[in-house]
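Worksheet: the structure to be examined is printed underneath.
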Amino acid sequence: MKSILNIAAYLFVSLDGLPELRTKMLDQCNERQLKGTILLTGEGINMFLAGKTDQLRGFLDWLRSDSRFKPLEAKESWSEDQPFKKMLIKLKNEIIRMNHPAIRPEEGRANFISPKKLREWLDRGTDDLGRPVVMVDTRNAFEVDYGTFENALHFNIEKFTEFPDAISARKEELADKTLVSFCTGGIRCEKSGLYMREIGMQHSYQLEGGILKYFEEVGSAHYQGSCFVFDTREALEPDLSVIPIEHSARKNIKTS
């Protein structure tokens with residue numbers, strides 16, 4: 001029986017007093033024997049944690065007792081073993097670096113589409129207005145190698161800061177399409193979706209909850225391969241099971 005709960009969660013919210021907040025969080029995590037990584041920034045929080053179910057959910061309850069974190073939602077999966085070696089809480093300038101400070105998800109999200117609605121569009125090949133749908137992969141090239149949506153557009157980028165220039169260069173050819181940007185858990189799309197709107201790509205959406213939420217609610221429909229995750233599990237299959245080790249693709253990869 002898989003007894004270790006794994007969660008991925010993020011929230012864009014203005015935070016201050018980060019060193020003090022880090023100390024409090026680290027004490028709570030260590031007390032509950034949790035392991036993983038938390039990124040704290042002035043624009044919000046990003047977490048990948050694992051531990052015993054009651055302990056991890058207890059930590060989330062404690063975190064949400066702070067009104068700033070009350071809206072935080074977590075995507076869950078289970079594993080037989082602890083996928084992290086230690087507990088780290090890092091202070092960063094951005095949750096995910098894009099180098100476009102005007103893009104502030106806390107002030108308003110891009111349009112989003114639910115996994116189930118997206119499947120309807122992909123089954124049909126068009127959105128509700130009959131426009132062709134193009135999936136836009138915002139992830140790094142090595143992540144795409146593990147798996148992606150069928151016929152998805154990707155740019156072979158090595159880091160997310162390259163995405164704005166890459167999508168801008170395709171703006172004209174995509175003008176008559178409905179675009180759905182996606183990533184692992186949704187966090188990169190919070191910024192990519194806003195950026196696409198900012199440069200005039202008005203028929204664009206972000207996949208709510210990313211690939212992992214799509215796996216949870218829809219499964220493998222229109223998706224080929226697995227999804228890379230940033231822990232020792234390496235990648236998850238569409239049923240959220242760990243990719244078999246003989247199918248591993250990890251080779252000196254960059255994870256920035």
Side-chain angles (χ1 to χ4, degrees), residues 8-12 39 41 43-44 46 48 75 92 94-106 108-115 117-118 121-122 127 132-171 173-175 177-216 218 222-230 235-236 238 249 253-256:
Y10 70 87
L11 182 68
F12 283 96
L39 299 183
T41 80
E43 67 176 7
N46 187 25
F48 294 91
K75 290 178 282 295
K92 297 283 188 178
E94 297 179 73
I95 295 180
I96 180 70
R97 191 160 67 93
M98 191 183 197
N99 292 342
H100 281 267
I103 302 298
R104 297 179 57 83
E106 183 188 7
R109 303 182 68 194
N111 290 347
F112 63 87
I113 182 171
S114 71
K117 186 64 176 179
L118 175 60
W121 284 8
L122 295 178
D127 66 10
V133 176
V134 175
M135 300 298 294
V136 179
D137 199 328
T138 69
R139 301 172 301 156
N140 298 341
F142 79 85
E143 296 172 83
V144 178
D145 287 343
Y146 282 79
T148 189
F149 282 94
E150 296 168 356
N151 303 313
L153 176 65
H154 64 89
F155 307 103
N156 289 316
I157 60 177
E158 293 189 1
K159 52 193 176 186
F160 187 56
T161 51
E162 298 172 14
F163 177 81
D165 286 344
I167 191 66
S168 296
R170 307 292 287 271
K171 179 181 174 181
E173 69 180 84
L174 297 171
K177 308 290 195 302
T178 288
L179 309 177
V180 180
S181 63
F182 66 94
C183 55
T184 306
I187 190 166
R188 280 173 276 195
C189 293
E190 294 281 0
K191 289 192 172 184
S192 64
L194 287 173
Y195 181 80
M196 290 161 69
R197 291 268 168 172
E198 183 181 75
I199 65 173
M201 305 178 90
Q202 295 303 312
H203 303 290
S204 60
Y205 299 80
Q206 65 187 71
L207 173 57
E208 180 77 359
I211 296 168
L212 296 182
K213 189 69 172 178
Y214 187 89
F215 282 178
E216 181 183 336
V218 174
H222 303 285
Y223 192 94
Q224 296 178 327
S226 58
C227 179
F228 178 86
V229 290
F230 290 88
L236 299 181
I253 54 180
K254 296 180 180 180
T255 58
S256 61

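We count residues from 1, following the sequence as given. Everything quoted here is computed from the prediction, not taken from an experiment.
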- Give a yes or no answer on whether the side chain of Glu173 reaches the backbone of Arg170 with a donor-acceptor pair at less than 3.5 Å. no

- Message: Do Asn111 and Ser204 have side chains that approach each other closer than 4.5 Å (heavy atoms only, starting at C-beta)?
- Response: no

- Query: With a 4.5 Å heavy-atom cut-off, do Cys189 and Thr138 have their side chains touching?
  - Reply: yes

- Grab the two heavy atoms, one from Met201 and one from Ile167, that are nearest each other, plus how far apart they are. SD-CG1, 3.8 Å

- Message: Any non-hydrogen side-chain atom of Ile113 less than 4.5 Å from a side-chain atom of Asp127?
- Response: no

- Query: Do the side chains of Tyr205 and Thr178 get nearer than 4.5 Å, heavy atoms only?
  - Reply: yes

- Query: Heavy-atom distance under 4.5 Å between the side chains of Val136 and Phe155, does that happen here?
  - Reply: yes

- Query: Shortest non-hydrogen contact from Thr148 to Ala152?
  - Reply: OG1-CB, 3.7 Å

- Message: Apply side-chain contact (heavy atoms from CB on, under 4.5 Å) to residues Leu118 and Val218 and explain how you reach the verdict.
- Response: CA-CA 9 Å; Leu118 175 60; Val218 174; over 6 Å; no

- Close side-chain approach of Phe163 to Met196, heavy-atom, < 4.5 Å: yes

- Out of curiosity, Thr184 OG1 to Glu143 CD, how far, rounded to the nearest 0.5 Å? 5.0 Å

- Query: When you measure from the side chain of Gln206 to the backbone N and O of Ser192, does any donor-acceptor pair fall under 3.5 Å?
  - Reply: no

- Query: Which heavy atom in His203 sits nearest to a heavy atom in Lys177, and how many Å separate them?
  - Reply: CB-O, 3.6 Å

- Query: Which atom names give the shortest non-hydrogen contact between Asn46 and Ala9, and what distance separates them?
  - Reply: OD1-O, 3.3 Å

- Message: Does any part of the side chain of His222, heavy atoms only, come nearer than 4.5 Å to the side chain of Trp121, both counted from C-beta?
- Response: no

- With under 30° as parallel and over 60° as perpendicular, where do the rings of Phe149 and Tyr223 fit, or are they tilted in between? perpendicular

- Message: Please report the interatomic distance OG(Ser181) to CG(Leu207), rounded to the nearest 0.5 Å.
- Response: 8.0 Å

- For residues Tyr195 and Ser168, report the shortest heavy-atom separation together with the two atoms involved. OH-OG, 3.0 Å

- Message: Please find the pair of heavy atoms, one from Leu212 and one from Cys227, that lie closest to each other, and give the distance.
- Response: CD2-SG, 4.2 Å

- Task: Any chance you could measure Glu94, atom CD, to Thr41, atom OG1, to the nearest 0.5 Å?
- Result: 8.0 Å

- Task: Working to the nearest 0.5 Å, report the span between NZ of Lys213 and CD of Glu208.
- Result: 8.0 Å

- Query: With distance as the sole test, does Lys75 use its side chain to make a donor-acceptor pair with the main-chain N or O of Gly185 at under 3.5 Å?
  - Reply: yes

- Item | Distance (rounded to the nearest 0.5 Å) between Ile211 CD1 and Glu216 CD | 14.0 Å

- Task: Specify whether Phe142 and Tyr146 have parallel, tilted or perpendicular ring planes, treating 30° as the upper limit for parallel and 60° as the lower limit for perpendicular.
- Result: perpendicular

- Is there a side-chain contact between Glu190 and Ile95 (heavy atoms, below 4.5 Å)? no

